[in-house]
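Encoded as structure tokens, the structure appears first; notes follow it.
For the single chain, residues carry numbers from 1 onward in sequence order.
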Amino acid sequence: MTHEVKEIFGSAATAPSGLGVTPPAPAALAAKVRTLAPTMTRSMQRVAEAVAADPAGCAALTVTGLAELTGTSEATVVRTARLLGYPGYRDLRLALAGLAAQQQSGRSPAVTADIAVDDPLADVVAKLAYDEQQTLADTAAGLDIAQLSAAVGALAAARRIDIYGVGASGLVAQDLTQKLLRIGLIAHAHSDPHLAVTNAVQLRAKDVAVAITHSGSTGDVIEPLRVAFERGATTVAITGRPDGPVTQYADHILTTSTARESELRPAAMSSRTSQLLVVDCLFIGVAQKTYETAAPALSASYEALAHRHTPRSGNNTTSRR
């Protein structure tokens, strides 16, 4: 097999079904690596880590050169490129060159130190702020706009919306529910797995079920989504694992960034940041699409609560109790 044939092997002509013809933008590459690396084989991880760590150096390599550098095979390099969303190795090289150019223009490095137990509080603030920013940037870069648009359309037209999440994801489910309620949609958040399933049984076509699970494998979230899927409802998964079990019952998949965990910053913290960004994107998209009814509903809810934020008259002094 010639180098030319090797490097176009796995191109758009042979791409798997469902792979978009437009590869991810260079800015999304690092986010893709962080999101998908935990699900890759060890050899594919070596390739992914190499291209993320040194995009400029790897962009200069042929498929054979990158295979030799990572101690893998040419087929592994091509499979890794395709898993990251690029039709072929040539497309990955173009993305690497673009990423290298962006980094040379002065962008911050993508890695920061973990929080240590003896870190000064000022350092904790700085590290958390950087990690939060990186998580948001990664999620935005990796978010499939076509999938997001389809999910927005389904929510905007829904007769009823059920949202499933447990633990930290349950808090995000409640946040999305409250937002949708304020623009006049019928939405329910379910953290109790029994109630979630019994409610999912009632869903039909024109209803929407949303599952929020960072791991993509939370049984208490997957089960009601499966029931909703089988009942004909439109289903949406918000997950950090686009190949997780939850996605087999999802019509639309919205991928969140998989931030690095540490002893003092568990997944529940890092995942919530990216989930809330996706929730806000969904909400704004639905509000735009239903503006004629959403705007009056928002105004009405604001006016109904305005008196609760007005200082009480005659209470000009402050006392401790």
Report the C-alpha separation of Arg231 and Val201 in whole Å, then their side-chain angles, then the decisive distance to 0.1 Å, and conclude whether the side-chain contact (heavy atoms from CB on, under 4.5 Å) test is met.
CA-CA 7 Å; Arg231 294 283 170 168; Val201 170; 3.7 Å; yes
One pair to check against side-chain hydrogen bond (donor to acceptor under 3.5 Å, both in side chains): Gln275 and Thr256. What are the steps and the verdict?
CA-CA 6 Å; Gln275 289 172 346; Thr256 57; 5.4 Å; no
Assess whether salt bridge (charged side-chain N to carboxylate O under 4.0 Å, His left out) is satisfied between Lys127 and Asp131, documenting all intermediate values.
CA-CA 6 Å; Lys127 289 180 179 181; Asp131 281 348; over 6 Å; no
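At most 12 heavy atoms of other shown residues, nucleotides or ligands fall within 6.0 angstrom of atom CD1 in Ile186.
One finds the CG atom of Asp162 at 10.5 Å from the CG atom of Leu195 (value rounded to the nearest 0.5 Å). Between the CD1 atom of Ile183 and the OH atom of Tyr291 there is a distance of 12.5 Å, given to the nearest 0.5 Å. In this structure, the separation between CG on Leu92 and OG1 on Thr80 is 9.0 Å, given to the nearest 0.5 Å. Interatomic distance, OG of Ser149 versus CG of Asp144, reported as 10.0 Å (0.5 Å rounding). The CD1 atom of Ile161 sits 9.0 Å away from atom NE2 of His188, with the distance rounded to the nearest 0.5 Å. For the atom pair CD1 of Ile212 and CD1 of Ile238, the computed distance is 4.5 Å after rounding to the nearest 0.5 Å.
Using a distance-only test at 3.5 Å, with no hydrogens or angles considered, no donor-acceptor pair links the side chain of Arg241 to the main chain of Ser217. Of the possible donor and acceptor atoms, one in the side chain of Ser73 sits under 3.5 Å from a partner among the backbone N and O of Thr76. Of the possible donor and acceptor atoms, none in the side chain of Asn199 sits under 3.5 Å from a partner among the backbone N and O of Ala196. Of the possible donor and acceptor atoms, one in the side chain of Thr139 sits under 3.5 Å from a partner among the backbone N and O of Thr135. Proximity of a side-chain donor or acceptor of Thr177 to a complementary backbone N or O of Ala173 within less than 3.5 Å is detected. A donor-acceptor pair is defined here as one N or O able to donate and one able to accept, closer than 3.5 Å; no such pair exists between the side chain of Glu68 and the backbone of Gly65. No donor-acceptor distance shorter than 3.5 angstrom exists from the side chain of Glu74 to the backbone of Thr64, with no hydrogens or angles considered. Between the side chain of Asp251 and the main chain of Thr235, a donor-acceptor pair closer than 3.5 Å is present. Within the 3.5 Å criterion, the main-chain N or O of Arg204 finds a donor-acceptor partner in the side chain of Asp207.
In plain terms, the two heavy atoms of Leu96 and Cys58 that are nearest each other are CD1-CB, 3.9 Å. For the residue pair Tyr249 and Phe229, the shortest heavy atom distance occurs at O-CD1, 3.3 Å. Between Val208 and Ala154, the closest heavy-atom pair is CG2-O, 3.4 Å. Closest approach of Cys281 to Leu143, counting heavy atoms only: SG-CD2, 4.5 Å. When every heavy atom of Gln202 is checked against every heavy atom of Arg160, the shortest pair comes out as CB-NH1, 3.8 Å. When all heavy atoms of Gly216 and Pro245 are compared, the closest pair comes out as O-CD, 3.0 Å.
Side-chain contact between Gln174 and Ile163 is absent, with no heavy atoms from C-beta onward closer than 4.5 Å. Two residues are said to be in side-chain contact when any heavy atoms from C-beta on lie closer than 4.5 Å; Leu61 and Tyr89 meet this criterion. Side-chain atoms of Leu254 and Leu148, non-hydrogen and from C-beta on, do get closer than 4.5 Å to each other. Within the 4.5 Å cutoff, the side chain of Leu84 has heavy atoms near those of the Met40 side chain.
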Tabulate below the donor-acceptor pairs under 3.5 Å that side-chain atoms of residues 218-227 make, not counting sequence neighbours, or state none.
{"from": "Thr218", "atom 1": "OG1", "to": "Thr213", "atom 2": "OG1", "distance (Å)": "3.0"}
{"from": "Thr218", "atom 1": "OG1", "to": "Ser215", "atom 2": "OG", "distance (Å)": "3.4"}
{"from": "Arg226", "atom 1": "NH1", "to": "Glu230", "atom 2": "OE1", "distance (Å)": "3.1"}
{"from": "Arg226", "atom 1": "NH1", "to": "Glu230", "atom 2": "OE2", "distance (Å)": "3.3"}

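With hydrophobic clusters built from ILVMFWY side chains whose heavy atoms lie under 4.5 angstrom apart, Leu277 does not share a cluster with Leu282. Hydrophobic clustering, with ILVMFWY side chains joined whenever heavy atoms are under 4.5 angstrom apart, groups Leu276 together with Val236.
Residue pairs that meet the side chain to side chain donor-acceptor pair (under 3.5 Å) test with at least one member in residues 40-54, sequence neighbours left out, are Thr41-Ser43, Arg42-Gln45.
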